[in-house]
4 protein chains.
Amino acid sequence: MSRITPAARRALVDERKQQILQAAAKIFAAKGFDRATIADIARQAGVAEGSIYNYFKNKGDLLVSIPRHLLEPVIEAVSAQMPALLAATSDSPDAMLTLVARNVTTVVRQNAFIFRILLSALPTMNAATRQKYLNQVVEYAIGALENHLRAQIKSGALRRDLNPAIAARAFIGMFFPFILIREVLQVESAEFDYDQVIATLVPLFLRGAATPSGADGASARKRNAR
Amino acid sequence: MSRITPAARRALVDERKQQILQAAAKIFAAKGFDRATIADIARQAGVAEGSIYNYFKNKGDLLVSIPRHLLEPVIEAVSAQMPALLAATSDSPDAMLTLVARNVTTVVRQNAFIFRILLSALPTMNAATRQKYLNQVVEYAIGALENHLRAQIKSGALRRDLNPAIAARAFIGMFFPFILIREVLQVESAEFDYDQVIATLVPLFLRGAATPSGADGASARKRNAR
Amino acid sequence: MSRITPAARRALVDERKQQILQAAAKIFAAKGFDRATIADIARQAGVAEGSIYNYFKNKGDLLVSIPRHLLEPVIEAVSAQMPALLAATSDSPDAMLTLVARNVTTVVRQNAFIFRILLSALPTMNAATRQKYLNQVVEYAIGALENHLRAQIKSGALRRDLNPAIAARAFIGMFFPFILIREVLQVESAEFDYDQVIATLVPLFLRGAATPSGADGASARKRNAR
Amino acid sequence: MSRITPAARRALVDERKQQILQAAAKIFAAKGFDRATIADIARQAGVAEGSIYNYFKNKGDLLVSIPRHLLEPVIEAVSAQMPALLAATSDSPDAMLTLVARNVTTVVRQNAFIFRILLSALPTMNAATRQKYLNQVVEYAIGALENHLRAQIKSGALRRDLNPAIAARAFIGMFFPFILIREVLQVESAEFDYDQVIATLVPLFLRGAATPSGADGASARKRNAR
DNA sequence: CATGAATGAGCATTCATTCAT
DNA sequence: TATGAATGAATGCTCATTCAT
């Protein structure tokens with residue numbers, strides 16, 4: 001009956017799913033999961049309401065499909081380029097951390113709608129879904145940094161007594177108040193400039209995390225460079 | 001000709017509002033604003049559905065009344081005791097920061113349901129309401145710390161080039177990944193112990209923020225005491 | 001127990017009922033029976049909601065009490081003065097009809113709210129109530145005129161073949177379009193002036209109703225005056 | 001890619017709207033606008049409650065759609081045949097007026113439910129809507145007669161001093177007490193027979209409106225022509 | 001597969017009436 | 001008697017989902 005190959009069909013189906021998910025994500029981010037209607041999403045996607053049910057079981061299925069289909073590509077792109085970036089700056093810890101901070105803030109800013117979706121949909125999720133969602137959102141983002149910190153600790157550049165899991169999370173967390181408020185909660189508190197925040201916090205973290213031989217981060221950096 | 005005095009009446013009304021708000025907060029926290037029904041709240045409060053409308057204009061009014069009636073008392077209690085605590089530990093910056101961190105984590109843990117409510121209700125709020133909410137939640141929590149950091153900078157204990165607003169936010173932010181995930185998003189990542197996290201991050205922050213002459217916070221403190 | 005005589009008590013009760021009915025009538029006329037709330041009426045009457053139920057069985061009882069308590073006094077006043085007025089002008093039919101027309105339009109204008117109430121409440125009434133209500137509103141108003149026309153027919157001033165019941169209703173009816181639209185439906189079609197309408201319609205009716213001997217109403221009047 | 005043409009679709013939609021409006025009109029007429037429930041209407045129309053909202057914005061929209069969809073056809077039918085009827089009887093004023101009277105009473109009787117709806121809905125309308133409604137109902141009904149009277153006045157058959165707008169309204173108004181009470185207010189005062197009422201009132205009006213010299217309109221016209 | 005009309009369960013809100021004080 | 005808080009049934013409207021075409 002079908003005039004196209006199964007593979008081509010699957011590609012078409014995937015394309016259609018992407019199209020609908022993009023629409024769903026946009027609407028979810030704008031209105032929250034509960035206030036988003038299937039009619040909204042269908043209109044945004046340019047399909048009929050009923051068509052959505054040919055690709056997704058129900059409204060909740062749209063939600064849980066967003067991480068796999070929309071977030072994973074972003075994360076994979078970031079994860080893929082991260083090692084190279086880290087390697088390129090491995091001789092200068094503060095260049096490296098600056099890069100990570102820039103990366104995190106940029107990616108979060110560009111994908112803030114996903115965080116808004118996550119937040120709006122929390123009440124509809126059960127514990128397992130929440131866990132899965134969060135792991136995708138958070139762990140990937142932190143994993144690379146954690147590994148790198150671990151390597152730096154081993155190399156002696158960072159303190160032996162530093163728990164790399166805690167430190168990696170704390171480093172990212174330092175930027176949360178700024179990112180969360182402006183990008184996710186969408187409150188315009190134009191007080192802070194990201195570059196200024198990064199320029200302040202990277203050295204602060206580095207001085208705090210570096211091995212105590214020098215008096216400050218500057219000497220630590222110097223020593224590290226040898 | 002009411003049989004009770006206006007003052008007594010007002011007290012009764014306030015008590016009733018509290019009773020209903022407590023119920024609403026509990027339900028909102030558990031199911032999110034949109035999925036909570038008036039019937040849920042009425043059942044939880046032990047009143048009839050219609051009675052709720054004798055005290056609140058509508059469902060949204062329950063939501064916006066929660067900060068004033070449930071959050072402000074918490075914030076005021078914290079704000080009231082904070083100066084005394086900061087003063088008591090003013091000679092030991094890491095004792096002070098440890099105290100602040102303990103305070104923040106404890107208060108957030110005990111009032112996580114309010115944060116869950118706020119997050120779940122974000123999509124129902126317009127920008128102005130969001131702003132107002134956020135100010136109540138964030139600024140109070142950070143204001144005291146920011147002022148204290150400013151004082152420490154002036155006294156020379158902390159670096160001159162430290163922006164106290166950024167530093168205060170960043171310090172609180174460091175704990176976000178741990179608090180937010182476990183208490184607000186209610187994801188059980190039982191990996192971290194708060195005491196351990198605090199014990200790790202307070203010194204890290206302090207080393208990073210302290211004036212650069214000494215090798216660690218202890219010497220900085222000693223020097224500062226002279 | 002009561003410190004006042006039963007008669008005085010009854011008077012007080014009646015006064016209170018009047019006060020509440022006045023309020024109810026005003027609200028019913030303004031918003032219609034169904035959209036009027038007991039709270040509206042209580043506020044307008046300056047009493048508590050519950051107090052209304054000390055004087056009236058329920059909301060419908062307010063409605064059916066309006067004719068007896070508010071309309072009958074008006075009708076009785078009109079009915080009482082009508083014979084005298086008719087007698088005073090009995091020698092000039094067009095003076096008489098002008099008077100009746102002025103009376104009808106004036107009374108209706110002043111009591112239009114009762115017609116608005118009647119119209120708004122029609123759907124809530126059963127056939128019997130409707131009948132009773134209408135009889136009070138319409139029949140009284142027409143009865144006097146009908147009797148007078150009957151007398152004039154007998155006296156030969158008006159045509160023998162005139163059915164006085166039909167003629168009386170038709171005479172009043174001629175003014176309906178003007179009164180109904182402006183006073184009851186409250187549509188501002190400022191096209192017509194009541195005096196002009198009366199000056200046009202009274203002679204028209206009279207010429208049509210008078211005995212055919214003369215060429216016009218003027219000669220009929222003259223003849224009648226002898 | 002709907003399987004049916006847009007034209008067919010529109011026809012289906014219109015048919016459905018008619019079906020629902022007929023049901024709504026029936027219920028509104030029986031219970032009044034406010035006491036009619038969407039469930040009533042849906043049951044009467046044989047559709048689900050929700051389906052009504054696929055065709056009408058809300059309950060009020062049902063109401064305001066009734067004139068356009070149910071009343072206009074009636075008015076147009078009457079308006080269309082009226083000129084022919086008036087022309088056919090133009091040489092006999094009382095045949096003409098009898099025809100008009102028969103027409104008005106018949107149309108009102110057959111469409112009394114619409115008038116009951118309009119009356120019941122008055123309190124829900126603002127002044128502008130009321131005005132619009134009234135124009136549709138009244139002006140059309142009176143317009144043709146007013147024009148015809150104007151022509152008769154010009155031709156000399158009716159008195160020069162007759163205001164045709166007032167006379168047209170008054171003529172229709174004469175039948176109001178009979179029609180309104182029986183058909184609209186649905187009070188059974190079986191006293192009057194329409195034929196008898198018409199036979200009484202048409203000559204009465206005609207004698208009153210005709211030019212004064214002759215016994216009937218024919219001689220009046222002749223005299224006027226000199 | 002695509003469509004969009006039909007469905008009906010679900011919910012916020014109103015309001016007449018009751019009743020303890 | 002006066003009060004007004006408490007009640008809960010009633011209702012307009014929404015929207016996820018189904019299914020005939």
Side-chain angles (χ1 to χ4, degrees), chain A residues 1-2 4 9 12-13 16 34-43 46-62, chain B residues 1-4 8-9 12-13 16 34-42 45-62, chain C residues 1-2 4 9 12-13 16 34-43 46-62, chain D residues 1-4 8-9 12-13 16 34-42 45-62:
Chain A
M1 234 180 285
S2 61
I4 56 176
R9 164 169 309 256
L12 277 176
V13 164
R16 203 69 146 152
D34 283 300
R35 300 177 102 76
T37 72
I38 296 292
D40 287 335
I41 295 167
R43 203 177 314 117
V47 300
E49 294 179 45
S51 302
I52 291 177
Y53 290 85
N54 291 328
Y55 297 93
F56 298 93
K57 199 154 54 62
N58 53 33
K59 194 182 171 188
D61 192 28
L62 283 169
Chain B
M1 314 267 174
S2 50
R3 308 297 165 79
I4 59 176
R9 153 121 349 161
L12 276 176
V13 163
R16 205 73 151 137
D34 282 303
R35 302 178 97 78
T37 72
I38 295 293
D40 287 334
I41 295 167
V47 301
E49 293 182 41
S51 300
I52 291 176
Y53 291 86
N54 290 333
Y55 296 92
F56 298 93
K57 204 155 51 61
N58 52 34
K59 194 182 170 187
D61 192 28
L62 282 170
Chain C
M1 232 180 283
S2 60
I4 58 177
R9 161 168 312 254
L12 277 177
V13 163
R16 204 72 147 148
D34 282 300
R35 301 177 101 76
T37 72
I38 296 292
D40 287 335
I41 295 166
R43 202 177 315 118
V47 301
E49 295 179 44
S51 302
I52 291 176
Y53 290 84
N54 290 329
Y55 298 92
F56 298 92
K57 200 154 52 64
N58 53 32
K59 194 183 171 187
D61 192 27
L62 282 169
Chain D
M1 314 265 175
S2 50
R3 307 297 163 82
I4 60 176
R9 153 123 348 163
L12 276 176
V13 164
R16 206 74 151 135
D34 282 302
R35 301 178 98 76
T37 71
I38 295 293
D40 287 335
I41 295 166
V47 300
E49 291 182 41
S51 301
I52 291 176
Y53 292 87
N54 289 333
Y55 297 92
F56 298 93
K57 203 156 50 62
N58 52 34
K59 194 182 171 187
D61 191 28
L62 281 170

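All chains are named by letter (A, B, ...) in the order of the sequence lines, taking the proteins before the strands, and each is independently numbered beginning at 1.
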For this session: Starting at atom CD1 of A/Ile41, determine the distance to atom C1' of F/dT17, rounded to an integer number of angstrom.
Result: 13 Å

Exercise. Quick one: side-chain contact (heavy atoms from CB on, under 4.5 Å) partners of B/Asp40, sequence neighbours excluded?
Worked result: B/Ile27, B/Lys31, B/Thr37, B/Arg43

Exercise. Want to know the stems of DNA chain E: at least 3 consecutive Watson-Crick or G-U pairs with distances under 3.5 Å, which are they?
Worked result: E:2-21 with F:2-21

For this session: Let me know, please, whether C/Tyr53 or D/Glu49 comes out on the 5' side of the other along DNA chain E by nearest nucleotide.
Result: D/Glu49

Exercise. Which part of the nucleic acid does A/Arg16 contact within heavy-atom distance under 4.0 Å: base, sugar-phosphate only, or nothing?
Worked result: sugar-phosphate

Seminar exercise, completed: The answer to which of C/Gly50 and D/Ile38 contacts DNA chain F further toward the 5' end, by nearest nucleotide, is C/Gly50

Exercise. Touch check for D/Val13, heavy atoms < 4.0 angstrom, all strands: base, sugar-phosphate only, or nothing?
Worked result: nothing

Exercise. Once you round it to whole Å, what is the distance between C1' of F/dA16 and CZ of A/Arg35?
Worked result: 16 Å

Exercise. Between A/Ile52 and B/Asn58, which has a closest nucleotide on DNA chain E that is more 5'?
Worked result: A/Ile52

Exercise. Run the side chain to side chain contact (heavy atoms under 4.5 Å, CB included) check on C/Arg16 and C/Val47 step by step: do they pass?
Worked result: CA-CA 10 Å; C/Arg16 204 72 147 148; C/Val47 301; 3.8 Å; yes

Exercise. Think A/Ser51 has a side-chain N or O under 4.0 angstrom from the OP1 or OP2 of E/dT3?
Worked result: yes

Problem set entry | Short side-chain N/O contact to F/dA6 OP1/OP2 from B/Tyr55, under 4.0 Å | yes

For this session: Compare side-chain N and O positions of B/Asn54 against OP1 and OP2 of F/dA5 and report whether any pair is under 4.0 Å apart.
Result: no

